[in-house]
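Read through the structure below, which is laid out as structure tokens, and then see the notes.
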Amino acid sequence: MRMRRLFGQTLRESPSEAEAISHQLLVRAGYIRPLAAGIFSYLPLARRALSKLETIVREEIEAIGGQEVAMPVVHPAEVWQRTGRWYAIGAEMGRFTDRTDRDLVLAMTHEEVVADLVRSEIQSYRQLPQLVYHIQTKWRDDPRPRAGLIRVREFTMKDSYSLDADWEGLDRQYRAHYQAYFNIFHRCGLDVIAVASDTGMMGGALAHEFMVLAPVGEDTLMLCDHCGYSANRQIAGFAKPEAVSELPLPVTRVATPGAATIAALAEFLGIEASQTAKAVFLVGTIPEGEQSVERFIFVVIRGDMEVNETKVANAVQAQSLRPATEAEIRAIGAEPGYGSPVGIHDALLVVDDAVVRSPNLVAGANEPGYHLRNVNYGRDYEADIVSDIAAARAGDSCPQCGAPLRAERGVEVGNIFKLGTRYSEAVGCNYVDAGGQSHPVIMGSYGIGIGRTLACIAEIHHDAQGLVWPVSVAPFQVHLITLGPEESEAAVVADRLYAALWEAGIEVLYDDRDRSPGVKFNDADLLGMPLRITVAQRGLKQNSVEIKRRDLTEREFVPLDTVVGFVKDQIAILEGDLAQRVSSVPYRD
RNA sequence: CGGGGCGUGGCGCAGUUUGGUUAGCGCGCGCGGUUUGGGUCCGCGAGGUCGGCGGUUCGAAUCCGCCCGCCCCGACCA
């Protein structure tokens with residue numbers, strides 16, 4: 001590609017709205033342009049990089065048996081109504097109507113459509129297992145797009161769907177994806193970790209997220225350096241410090257004026273926070289058939305811990321949670337700041353397992369300025385649900401080995417879900433087994449955010465001058481620049497070299513513009529192609545050109561007649577380095 | 001949705017507090033010249049309903065009201 005013909009230009013300064021480094025660089029270097037919040041156009045440079053990324057994805061998914069399909073972006077509402085998600089998902093879903101007023105949905109994901117497709121195509125166990133995938137545009141009307149391509153509303157996703165007759169088959173396909181995903185990300189030059197994750201709106205039994213560790217990430221991961229435990233903070237467990245064992249003492253009422261927080265209470269009574277029970281008041285939206293109802297959720301956790309709302313939502317099967325209002329709190333017989341599980345009514349009582357094991361806690365008295373000493377679970381109150389609902393924090397003990405956990409930020413670039421039969425049952429996609437019995441197909445779903453992955457690569461692979469693409473996803477392998485006026489010897493030689501390199505199958509971006517050397521060098525650094533060839537008088541005196549790797553500082557003069565071979569060797573070296581990153585990763589739940 | 005910031009040629013900004021000729025600057029863009037190993041230098045030039053609507057005023061980029069958009073933090077998030 002000749003740069004004077006390239007569509008899109010570089011910017012000397014990045015637009016003020018860009019904050020994330022990948023966002024700044026991709027915009028400055030002329031890869032992407034914003035159209036609206038969370039909606040981008042991809043210019044030729046980005047499109048080429050994305051194509052390479054998609055090729056890697058296709059190779060790895062087809063290597064585990066995937067067959068590419070293409071499913072629609074616009075879906076009739078009925079398929080989403082059948083699985084209930086039309087009702088369960090709120091404003092995030094793009095809805096509109098056609099000219100005859102039929103409800104339509106903009107694809108957020110394709111479980112429904114796959115299930116519908118499978119219903120017509122799969123009848124027998126003989127047709128299973130299957131793995132279909134596509135790379136498709138999705139729309140999620142995210143309330144807050146951010147950080148350029150990291151979190152957008154319109155995005156491209158690879159999603160594959162496994163179809164099996166038995167759970168062992170699902171397990172095989174799940175594990176195959178687990179390894180394939182590592183292969184994909186390693187080939188792109190990304191280190192990722194797989195963490196156990198919440199299943200969220202997808203539902204299902206088990207899920208992993210593939211995370212790139214980066215400060216720009218919006219997920220918090222809890223990691224154990226000792227045993228390798230890793231989980232999204234939303235579901236991370238931890239070994240809770242045990243309470244002292246004591247015989248239950250009689251409940252006594254104690255005046256605690258002004259002690260409306262755990263810290264104030266502990267100080268006032270001269271006790272540890274772990275000897276208190278904290279009440280947290282939430283209202284959950286809980287589905288009941290096609291309707292959903294609001295229920296008051298009274299959460300009790302030990303004073304030294306914090307509530308993890310994802311865990312609470314999962315424990316009570318809530319679609320969403322919100323803080324309760326003061327009026328709602330009083331309506332169930334509790335008192336803000338002095339709440340107690342003793343004596344409340346019309347609330348779903350959820351108690352953390354550590355509270356159950358902790359005797360003689362100080363809880364509120366449900367009246368202002370008073371607490372109760374020696375409140376004991378089982379004797380003084382009983383929960384509707386006892387569960388782990390505490391948030392893991394950095395420094396907490398690993399649930400597997402007890403070593404301290406570390407917290408890190410991460411970007412979710414991929415995820416894998418064991419869906420089971422949720423969608424196949426809802427849509428009625430069944431197969432007949434060898435004995436003639438009908439069963440729902442067992443499904444898995446597996447996503448990779450293509451644009452987000454590209455942004456993560458940029459986030460990791462850059463320096464002060466610009467992007468530094470891994471050769472596997474670089475839009476071009478070589479950035480050829482020529483210094484000196486048009487019609488000069490350098491220009492003539494560069495023209496010839498450009499043709500020779502393409503002839504040899506090497507992808508070259510050729511800066512043939514009539515610009516000063518500084519501009520060309522700076523743009524080459526900004527655009528980030530792995531190899532730079534400079535044709536100028538300085539080298540031509542020895543009949544050679546300068547070649548430099550973008551990721552190294554050394555430059556080398558290479559005789560003109562050996563340039564093509566030299567470049568091929570360099571590309572092979574770069575590709576080899578990436579290939580070395582690919583390794584088999586032990587599976588862990 | 002809550003909190004904060006911003007909206008002036010393609011990009012980055014000044015001007016708004018205290019209303020007053022033709023709204024400036026840098027980059028970029030076009031033309032001519034110059035230079036050719038790290039964003040050369042000189043000259044000429046094109047390009048803006050100052051986010052939108054309404055109001056106040058003799059007069060609005062500037063003051064007031066409503067609306068829209070973009071960014072950041074939080075809520076949210078496969």
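The structure displayed is predicted, hence computed values, not measured ones. Lettering of chains follows the sequences in order, A, B, ..., and the numbering in each one begins at 1.
A:E154 pairs by the salt bridge (Lys or Arg N to Asp or Glu O under 4.0 Å) definition with nothing, not counting sequence neighbours. Partners of A:E78 according to the salt bridge (Lys or Arg N to Asp or Glu O under 4.0 Å) rule, which considers only residues two or more places apart in sequence or in another chain, are A:R102. A:D523 pairs by the side chain to side chain donor-acceptor pair (under 3.5 Å) definition with A:T10, A:R513, not counting sequence neighbours. When the side chain to side chain donor-acceptor pair (under 3.5 Å) test is applied to A:K311, the partners found at least two apart in sequence or on another chain are A:D388. In this structure A:L35 satisfies the side-chain contact (heavy atoms from CB on, under 4.5 Å) test together with A:I39, sequence neighbours excluded. In this view, A:S424 and A:T421, A:C429, A:P440, A:V441, A:M443 satisfy the side-chain contact (heavy atoms from CB on, under 4.5 Å) rule, not counting sequence neighbours.
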5' to 3', nucleotides 30-48 of chain B under a 4.0 Å protein heavy-atom cut-off (B base, S sugar-phosphate only, - none) gives ------BBBBS--------
Give the B/S/- string for nucleotides 70-76 of chain B, one per nucleotide from 5' to 3', where a protein heavy atom under 4.0 Å of the base yields B, of only the sugar-phosphate yields S, and otherwise -. SSSBBBB
Can you pull every protein N or O that's under 3.5 Å from an N or O on nucleotides 3-5 of chain B?
none

Run the side-chain donor-acceptor check on residues 481-488 of chain A: report pairs under 3.5 Å with partners two or more places apart or on a different chain.
from: A:S488; atom 1: OG; to: A:P485; atom 2: O; distance (Å): 2.7
from: A:S488; atom 1: OG; to: A:A491; atom 2: N; distance (Å): 3.4

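A:S14 comes within 4.0 angstrom of sugar-phosphate atoms only, judged by non-hydrogen atoms across all strands, and of no base. A:E412 comes within 4.0 angstrom of the backbone, heavy atoms only, and of no base.
Rounded to an integer number of Å, the gap from CZ of A:R4 to P of B:C29 is 13 Å. As rounded to whole Å, 14 Å separates atom C1' of B:C77 from atom CD1 of A:I150. Per the geometry, CZ belonging to A:R33 stands 12 Å off C1' belonging to B:G28, to the nearest Å.
Ion pairing between a basic and an acidic side chain is recognised when a charged N comes within 4.0 Å of a carboxylate O; A:E68 and A:R58 show such pairing. Residues A:K418 and A:D171 are paired through a salt bridge, judged by an N-O separation under 4.0 Å between the basic side chain and the carboxylate.
Sorted by first and then second residue, the salt bridge (Lys or Arg N to Asp or Glu O under 4.0 Å) pairs with a member in residues 315-325 of chain A read A:E294-A:R322, A:R322-A:E328; sequence neighbours excluded. Sorted by first and then second residue, the side-chain hydrogen bond (donor to acceptor under 3.5 Å, both in side chains) pairs involving residues 207-220 of chain A (not counting sequence neighbours) are A:R146-A:E218, A:R151-A:E218, A:Y174-A:H208, A:E209-A:N232, A:D219-A:N232, A:T220-A:R409.
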